[in-house]
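Note sheet for the following structure.
Start at 1 and go down the list; that is how both ligands and their atoms are numbered. All heavy atoms count here, side chains included; hydrogens, waters and symmetry mates do not. For this chain, numbers begin at 1 and follow the sequence in order.
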Amino acid sequence: MVECERYGEIFNLRAQNFRLQKKRPALILAEKSGSKVLPTPPGYSIGRDENHYFSHMLNCLYDCRYCFLQGMYQSAHYVLFVNWEDFEEEIDESRRVASEASCYFSGYDCDSLAMDSITGFAGHFIPFFTDRQESWLELRTKSLNTKILEQHDPVPNIITAYTLTPEPIAKEVGHGAPQYRKRLDRVKSLTRQGWLVGLRLDPLVPWPGFADLYQEMIREVFSAVEADRIHSVTLGAMRFPKAMHERIVKLYPEDPLFALQEMSVREGQMSYRPEIETELVETIHRELSQYLPESRIFRQSS
Ligand code: SF4
């Protein structure tokens with residue numbers, strides 16, 4: 001173990017080799033100073049007007065090629081913040097000043113559950129949110145690491161949200177993440193146990209045969225899972241801030257994800273042509289509408 005004064009001394013060093021570090025990342029335990037609970041960008045919602053996120057970790061065990069974490073930090077090391085009581089205090093403070101009950105997103109800068117067997121994050125925050133039933137907690141994940149949820153009775157204000165991508169696409173872009181089919185099994189078992197599960201179809205990944213692949217996946221999901229156990233579905237196009245996109249393309253210049261369609265700058269973000277984006281989102285929205293009311297389908301614009 002190496003001790004240091006501030007985690008940024010290691011994490012924020014310039015000229016680090018992200019790809020090499022990603023092969024063997026170190027785990028940095030740190031105290032989070034400054035703001036711990038922040039408002040989400042506008043348009044980031046699963047049904048509440050007040051939305052916040054908090055990050056107990058920076059970086060992820062997996063390596064999805066569309067993930068903004070590849071371009072967000074200088075380093076691929078994991079940072080685990082350990083002063084969770086300070087996070088809880090800020091969550092309570094944000095609840096106190098909010099005009100209405102809020103949703104808290106925990107998987108903004110990491111996967112909420114991927115490293116849970118080491119961090120114990122979910123085991124700590126499930127009881128905390130159980131006592132605050134008017135506030136929602138979203139645990140966003142691709143992980144099969146759901147033992148802690150299986151050991152608990154379902155908590156109605158805690159939503160485990162699985163990111164799903166059709167199998168052929170997931171195989172190409174979801175490096176290191178559990179296979180689509182295993183994730184779907186986990187969605188099935190958690191919903192059967194009584195947990196509410198969210199489905200996250202953002203980003204929608206443009207791919208040859210896109211519409212058929214996504215429609216088939218949606219049919220499969222809803223033939224396997226009771227729709228009334230699905231809390232919400234989010235849809236969002238693939239977008240990157242320009243500088244982040246440049247950094248990711250530099251890391252993976254030959255990745256098919258960036259070669260399939262031309263991206264250009266729109267509203268300060270790298271995105272696909274508006275007509276392609278609209279077609280992707282509307283095709284999938286139509287398919288979802290056959291299974292869920294509009295009030296549970298959300299288009300994410302950020
Ligand atoms: S699981 Fe989520 S956080 Fe982790 S690499 Fe993939 S997209 Fe990023």
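- Tyr214 and Thr165 form no side-chain donor-acceptor contact under 3.5 Å, judged by distance and modelled atom types alone.
- One side chain, Glu88 or His124, offers a donor N or O that lies under 3.5 Å from an acceptor on the other.
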Side chain to side chain donor-acceptor pair (under 3.5 Å) between Thr146 and Arg186, intermediate numbers included
CA-CA 8 Å; Thr146 51; Arg186 213 43 65 103; 3.1 Å; yes
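- Looking at Cys64, Gly176, Ser112 and measuring to atom 6 (Fe) of ligand 1, the nearest heavy atom belongs to Cys64.
- Ligand 1 places these atoms under 4.0 Å from at least one heavy atom of Tyr62: 1 (S), 5 (S).
- The Lys142 neighbourhood of ligand 1 comprises atoms 1 (S), 6 (Fe), 7 (S), with distances under 4.0 Å to a heavy atom of that residue.
- Taken to the nearest 0.5 Å, the OG1 atom of Thr160 stands 9.0 Å off from the CG atom of Leu196.
- The protein heavy-atom contact nearest to atom 8 (Fe) of ligand 1 is Cys67 SG, 2.3 Å.
- Residue contacts to atom 4 (Fe) of ligand 1: Cys60 brings an N, O or S atom closer than 2.8 Å.
- Residue contact check: Leu69 has heavy atoms under 4.0 Å from atoms 3 (S) of ligand 1.
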Could you walk me through whether Tyr44 and Asn51 satisfy the side-chain contact (heavy atoms from CB on, under 4.5 Å) test, starting with their C-alpha distance in whole Å, then the side-chain angles of each, then the deciding distance to 0.1 Å, before giving a yes or no?
CA-CA 7 Å; Tyr44 196 97; Asn51 297 286; 5.6 Å; no
